[in-house]
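Read the structure below first, then the notes.
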Amino acid sequence: MKVISLENDVCAGGVSSNASPFSTVRCFQFDTFNTITALCDHGILEKATDLCRDYNDLLSKTVEGSDVWNINHAKGAPVAVSSDTFRILCAAERVNKASGGAFNIAVGAASALWHFTDGSTIIPDDEDLAAAIDESDASSIVLGEDEDGQGVVTVPDGMQIDLGGIAKGYIADRVADYLRGEGVEHALLNFGGNVVAIGGKPDGTPWSIGLQNPEGEKGADCWAVLNCEDATIVTSGVYERGFDKDGIRYHHILDPRNGYPVRNGLSAVTVYAHDSMLADALATALFVMGPETGFALAQEFDVSAVFLRDNHEVVYHP
Ligand code: ADP
Ligand code: MG
């Protein structure tokens, strides 16, 4: 996990293994391990994992028949999508424009060439990446509505969209809404680096969220700890997905101008906000932009951002 919840604070083992009143569930969705810990009946958390699975089936680019799969296989034809997908696409468009194109869901064809999710360590050909980037003009994604008010999306034939930089945040928000609706007042969701806190801890103190040390043992070594209460903390980093070859780190956050992993001296960006979907997209965008250009974007969306450089220097936008 890129963001570590300090589970000794909150209970790691679930209700059955100790006297803690917390329940914990873990599930693997969105190509990542997810944990939900909450002060509630375990059945509520089981339903929360069902919700995660449903959202995965709706938003994954690899699940046949998902909204994203349908868009990517429509060969330029309009596709009616769910209101969830439409909301995400509208937010993605907003962050794309505000970030000057740094956040771009249309990098899907380039992203697919890297095969980051199947353990491949093959560097794509320059020409293939250039061809994929030629098909990634986000301004050619058309968002509209049909006569019944349902969202309709049209992307050019050849373009592939990939919601990997924003969907987990949206899902975390929705699952948190579900839990709140069930009366849950204390919970911590960690969706592979997207943390959402409902309330604080029952003793009135905030949750403690550790930020993964990029060079340390995954899930066990953090370089900073942030307090979090009714808020979200999202990290994008070079260390979670990717591979090392000839001393170079090839990671999954791509420069939309050329399709190569961003190499700008950053190892992670953490965003502290109230909307996890926007925080997710912004963390990816700010990673691509870097702290200097990213400052205005963080201000525009009224979020705090922490940039960690390879040389361990920290830049903080409160
Ligand atoms: P994580 O998926 O680990 O939470 P991010 O939120 O930073 O990390 O998203 C990275 C994912 O977003 C990539 O795996 C890819 O699917 C997609 N992506 C890569 N580069 C970009 C980009 N410049 N803009 C938008 N999405 C991107
Ligand atoms: Mg993101």
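Note that ligands are numbered from 1 as they come in the structure, with each ligand's atoms numbered from 1 the same way.
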Among the heavy atoms of A102, does any lie under 4.0 Å from an atom of ligand 1?
yes
Pick one of side chain, backbone, both or neither for how D162 approaches ligand 1, counting any non-hydrogen atom pair under 4.0 Å.
side chain
Polar proximity ligand 1 side, K168 side, N/O cut 3.5 Å exclusive
yes
Please find the pair of heavy atoms, one from F103 and one from A285, that lie closest to each other, and give the distance.
CB-CB, 3.8 Å
Counting heavy atoms only, which of T284, I253, L286 is nearest atom 5 (P) of ligand 1?
T284
In terms of its nearest heavy atom to atom 7 (O) of ligand 1, the top option of S236, A92, A283, G192 is S236
To check you understand the geometry: which heavy-atom pair defines the closest contact between S111 and K61, and what is its length?
OG-NZ, 3.8 Å
Is there side-chain contact between V152 and E145, with at least one heavy-atom pair below 4.5 Å?
no
Tell me whether F103 has any N or O atom under 3.5 angstrom from an N or O of ligand 1.
no
How are the rings of W114 and Y260 set relative to one another: parallel (under 30°), tilted (30 to 60°) or perpendicular (over 60°)?
perpendicular
Are the side chains of T85 and L59 in touch, meaning some heavy atoms are under 4.5 Å apart?
yes
Salt-bridged, R309 to E292, with N to O below 4.0 Å?
yes
Check contact between P256 and ligand 1, using heavy atoms of the residue and a distance below 4.0 angstrom.
yes
Report whether any nitrogen, oxygen or sulfur of T284 sits less than 2.8 Å from the Mg ion (ligand 2) (N, O or S, backbone or side chain).
yes
For the Mg ion (ligand 2), the nearest N/O/S atom on D280 is atom OD1
If you measure every N or O of T235 against every N or O of ligand 1, does any of those distances drop under 3.5 Å?
no
What do you reckon, does R241 put a non-hydrogen atom under 4.0 Å from ligand 1?
no
Should the proximity of E240 to ligand 1, defined as any heavy atom under 4.0 Å, be assigned to the side chain, the backbone, both, or neither?
neither
The Mg ion (ligand 2) to G164: any N/O/S contact under 2.8 Å?
no
Side-chain donor or acceptor of N264 paired with backbone N/O of F287 under 3.5 Å:
yes
Near L254 (heavy-atom distance under 4.0 Å), the atoms of ligand 1 are 19 (C), 20 (N), 22 (C), 23 (N)
Give the ring-plane orientation class for H252 versus F116, where under 30° counts as parallel, over 60° as perpendicular and anything between as tilted.
perpendicular
Could you grab the distance from atom OG1 of T37 to atom NE2 of H186, nearest 0.5 Å is fine?
14.0 Å
